[in-house]
There are 2 protein chains.
Amino acid sequence: MPEAFGIGVRERQVPLPIKISEETFTPRQQAVLTAALDLLVENGDGLTMTAVARRASCSKETLYKWFGDRDGLLTATVQWQAAKVRMPHVDRSHLSAKVLRESLQQFARDLLTTIIGEVSITLNRTAITHAAQEKDSLGNIVLENGPMAIRRRLKPILEAARDARLLRFNSSEDAYRTFFGLVVRDVQIRLLLGDNSLTQSNVEANIEADVVAATDQFLALYGAKANS
Amino acid sequence: MPEAFGIGVRERQVPLPIKISEETFTPRQQAVLTAALDLLVENGDGLTMTAVARRASCSKETLYKWFGDRDGLLTATVQWQAAKVRMPHVDRSHLSAKVLRESLQQFARDLLTTIIGEVSITLNRTAITHAAQEKDSLGNIVLENGPMAIRRRLKPILEAARDARLLRFNSSEDAYRTFFGLVVRDVQIRLLLGDNSLTQSNVEANIEADVVAATDQFLALYGAKANS
DNA sequence: ATGGAACCGTACCGTACGGTACGCCTGCGG
DNA sequence: CCGCAGGCGTACCGTACGGTACGGTTCCAT
């Protein structure tokens, strides 16, 4: 693989997954990435360079010029898509029991909604398949933009809530992981494994109930008192 | 694939085959499956028929004769290994608060220990990779021998505990899934994605604490009273 | 206009791997 | 001792796919 191209294209292979802004890729490149993602979602891992080139109406040579090799294209696709996940923003200065509960519910709702989406399932499967080959780069990207992103956003809120005497816990890490478990339960692993009895609509219909239940349970475990 | 050899073929061989679940494999076949599993664990999905044949000191022709095709070999391997997972057995007739707590802890311990094992991670990754190709057979096998097996064993105990007024819940399904979430949290998905910060020994060291914590939390949520 | 950069489409190459064919060896029943 | 079934090892085939090369086209800057 050629190691330097003086083109106005981003450098490949960043060691640590950094936040990717949308200016990182030109519109044309984003169209290619969209095609790649679509193929991933449709065809599972049947992502071939030829297929991407045909779908995006570009030449394979361009793909290799832009992304280096197949792994580079895969990485770019996952990176670009994973960075799109947006977390809810909570104002930590006005924390009340009500605001806390609603914030937690919002986190739970976003988490569940993301997890059951086709795109998320595909990206996680791709990263896991990748991780089965001693390559953890994709896995790290997904982790960084999924669970870790949630953790980064949720932990400060939990700690603020503790400072406001709304929650009680020793380790905010444990509290976060408990919240994650209460929300996700066995949904993600079953979807990743292709459980037939879990259709997306099936889960979707219960999201609200599950969100409320998980939040209630979390507050029952960590709430300073039984509250609204 | 010639249709004379169905999937999951059982060739009647010389001595008495050892019974493994419904499907029986001769010792020689089990040696082949062991080789296949070892290769899976070592090499990720780099499982090639040639590699299995070489490792097991058999000919490729024999592999195809016994297992039909690559998928058949994969299925047989997963089936054979997944069926080895054993669940704790609890005597439902002597349920007390103490026995219940210890039983739950035992379930949690077995679940965690299984999940963090190399073999489990490999099988789950393989099944998920498989599920990314519109094939859910492997996923179903893993589900059936993993989460579903636990559910089958745990739910009767939960219901017995409810009858004994040790637990309180409406849906034993929800109770089971909450237990699963409290125990597994984000450990499995992080391991599947190859999270570097989660070494096996790292998790192993905390198993006991996590088991106790998860059980305590479950009992706090579903126990009839705050009890020992 | 003209040179060149970027890029498309396609043909091409090498390899890896699933699957098959075949020759040879071994153990065993007659 | 013979024949043969089962099985090992290896050579072989076809295909799919990653990666490269190259001619032709568009577009822009000079």
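Just so it is clear, the model here is predicted, and its values are computed rather than measured. Keep in mind that the numbers below use all heavy atoms, side chains included, and drop hydrogens, waters and symmetry copies. Lettering of chains follows the sequences in order, A, B, ..., and the numbering in each one begins at 1.
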J.: Please report the distance, rounded to the nearest Å, between CG in L39(A) and C1' in dG18(D).
T.: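 L39(A) atom CG is separated from dG18(D) atom C1' by 16 Å.
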J.: Looking only at side-chain atoms of R70(A), point me to the closest of dG7(D), dC17(D), dG19(D).
T.: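 Of dG7(D), dC17(D), dG19(D), dG19(D) is nearest to the side chain of R70(A).
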J.: Between R86(A) and A83(A), is there a donor-acceptor pair closer than 3.5 Å when you use the side chain of the first and the backbone of the second?
T.: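 Such a contact is found between R86(A) side chain and A83(A) backbone.
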J.: Please report the interatomic distance CE(M148(B)) to CZ(R190(A)), rounded to the nearest 0.5 Å.
T.: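 If we round to the nearest 0.5 Å, M148(B):CE and R190(A):CZ are 3.5 Å apart.
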J.: To the nearest angstrom, how far is D69(B) atom CG from dT20(C) atom C1'?
T.: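 Rounded to the whole Å, the gap is 14 Å.
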J.: Verify whether one side chain among T129(B) and T126(B) offers a donor that lies under 3.5 Å from an acceptor in the other.
T.: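 No, no side-chain donor-acceptor pair sits under 3.5 Å.
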J.: Who are the salt bridge (charged side-chain N to carboxylate O under 4.0 Å, His left out) partners of D210(A), not counting sequence neighbours?
T.: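 Testing D210(A) for salt bridge (charged side-chain N to carboxylate O under 4.0 Å, His left out), a comparison that skips the adjacent residues, returns R185(A).
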J.: What is the separation between atom CE on M49(A) and atom P on dG19(D), rounded to the nearest whole Å?
T.: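 To the nearest whole Å, that distance equals 7 Å.
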J.: Of the listed nucleotides (dC8(D), dG19(D), dG19(C)), which one gets closest to any side-chain atom of R28(B)?
T.: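 Looking only at heavy atoms from C-beta outward on R28(B), the closest nucleotide is dC8(D).
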J.: Without hydrogens or angle criteria, can the side chains of S201(A) and T199(A) be said to hold a donor-acceptor pair below 3.5 Å?
T.: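 Indeed, the side chains of S201(A) and T199(A) share at least one donor-acceptor pair under 3.5 Å.
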J.: Could you go through nucleotides 10-12 of chain D and list every protein N or O atom that sits under 3.5 Å from one of its N or O atoms, giving the distance for each pair?
T.:
none

J.: Report which part of the nucleic acid L47(A) touches: base, sugar-phosphate, or nothing (heavy-atom distance under 4.0 Å, all strands).
T.: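 Sugar-phosphate: the residue L47(A), judged by heavy atoms under 4.0 Å, touches backbone atoms but no base.
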J.: Regarding L63(A), tell me which of base, sugar-phosphate or nothing describes its non-hydrogen contacts under 4.0 Å with the strands shown.
T.: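 Contact class for L63(A): none.
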J.: Nearest to the side chain of K65(A), heavy atoms from C-beta on, is which of dG19(C), dA6(C), dG7(D)?
T.: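 Out of dG19(C), dA6(C), dG7(D), the nucleotide with an atom closest to K65(A)'s side chain is dA6(C).
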J.: So R54(A), base contact, sugar-phosphate only, or nothing? Heavy-atom distance under 4.0 Å.
T.: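 Here R54(A) touches no strand at all.
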